[in-house]
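When a ligand or atom number is given, it counts from 1 through the structure's own listing order.
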Amino acid sequence: MGRAVAAFQGQAYLGDMRRLILLLFAMLLMPMPVAAGELAKLREMDARIAAISHRLATANLALCPFPSPLQGMLVQDIGQYAPEWRAEAQADLGLSDVPTVTVVVPGSSAARAGVRVGDHVLAMDGTPTPRSTLKAPASYQVVEAVLAQLAAALQDGSVRLLIDRGGVQQTLSMDADLACPANVELVPGKKLSASADGKTVHVSSALATFAGSDDAGAVPIAHEMAHNILRHPERLDRQGIKRGLLAPLGKNRAAIRATEEEADYFAAYMLARAGYSLDAALDFWRRYGAKTDLGPFNDGTHPGKKARLDLARRTVAEIRAKQAAGQPLIPTLVEQN
Ligand SMILES: [Zn+2]
């Protein structure tokens, strides 16, 4: 049990973080009053993060030992919102009890298939999609089931989507691109945090806002994707490394830190290969370090701001030397999975 999480900041988590975060997300959505247009703003952020992860995933296919079909779209369902938010979600996002497309990444397989924001997905490969019970409390069950259905349908490389667009039904045929695993979810929250659990990357809205540009926002996303691409949670499990409260103890600290440094190193290559600015990456690490460094309270599982920036500078110099020499941008990893 307890698929552990490699965390971006100076914390590590135990257990099934994804479920916990989704639960927190659902709880968060319940009591907070929502300003008009707030959901639409979150959706814009969702779209940017989806586009960044899509670009990182496709540009780095050659570095990924375990590619998977890329969806290129996000789906939401009204049941993931608390009942008092549903009118807003319906108005702002066009949601209903049928799963609805809220983001289509430009240039993705979904875009090429003609999928549009606002399409209601009725069935995939002839199997109806699950529906929400509108009176039930907020739950991610349906949207998770829809995403799992889509992932399973795409395993053979394509899916037939039966959609309802403005009351007219049509079938769209979508071929999936193979790419690095790029399941990235935005989590509304005030903490600058990002994490990876082996399957999914979570990025807080505060961190996305703090990053500012897409070039900077790509940095933590690439770092967390690197943890999943390199299967760090599995490696640490195999080594019997404890996370959470035991992380700073014994052999745990050095092993976790090694994965953190490897993720930073690998992520710089991912950014370069995807055409993101390495200067913006260095600037992000500088700003992020200044804002979050724990100083003497750093438990040693993550490098402090100076060590992190030094590693980033060395990696950028290594990448630029390879670019100048016309060499391929392949990171040199010490440990293979
Ligand atoms: Zn990390």
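The Zn ion (ligand 1) has an N, O or S atom of His227 closer than 2.8 Å. The Zn ion (ligand 1) has no N, O or S atom of Asp264 closer than 2.8 Å.
Here Ala263 pairs with His223, Ala226, His227, His232 under the side-chain contact (heavy atoms from CB on, under 4.5 Å) rule; sequence neighbours left out.
Using cut-offs of 30° and 60° for the angle between ring planes, the Tyr81 and Trp85 rings count as parallel.
A salt bridge between Asp97 and Lys135 is absent, with no side-chain N of the basic residue lying under 4.0 Å from a carboxylate O of the acidic one. Between Arg257 and Glu261 there is a salt bridge, since at least one side-chain N of the basic residue sits less than 4.0 Å from a carboxylate O of the acidic one.
Between the Zn ion (ligand 1) and the N, O or S atoms of Glu260, the shortest distance is to OE1.
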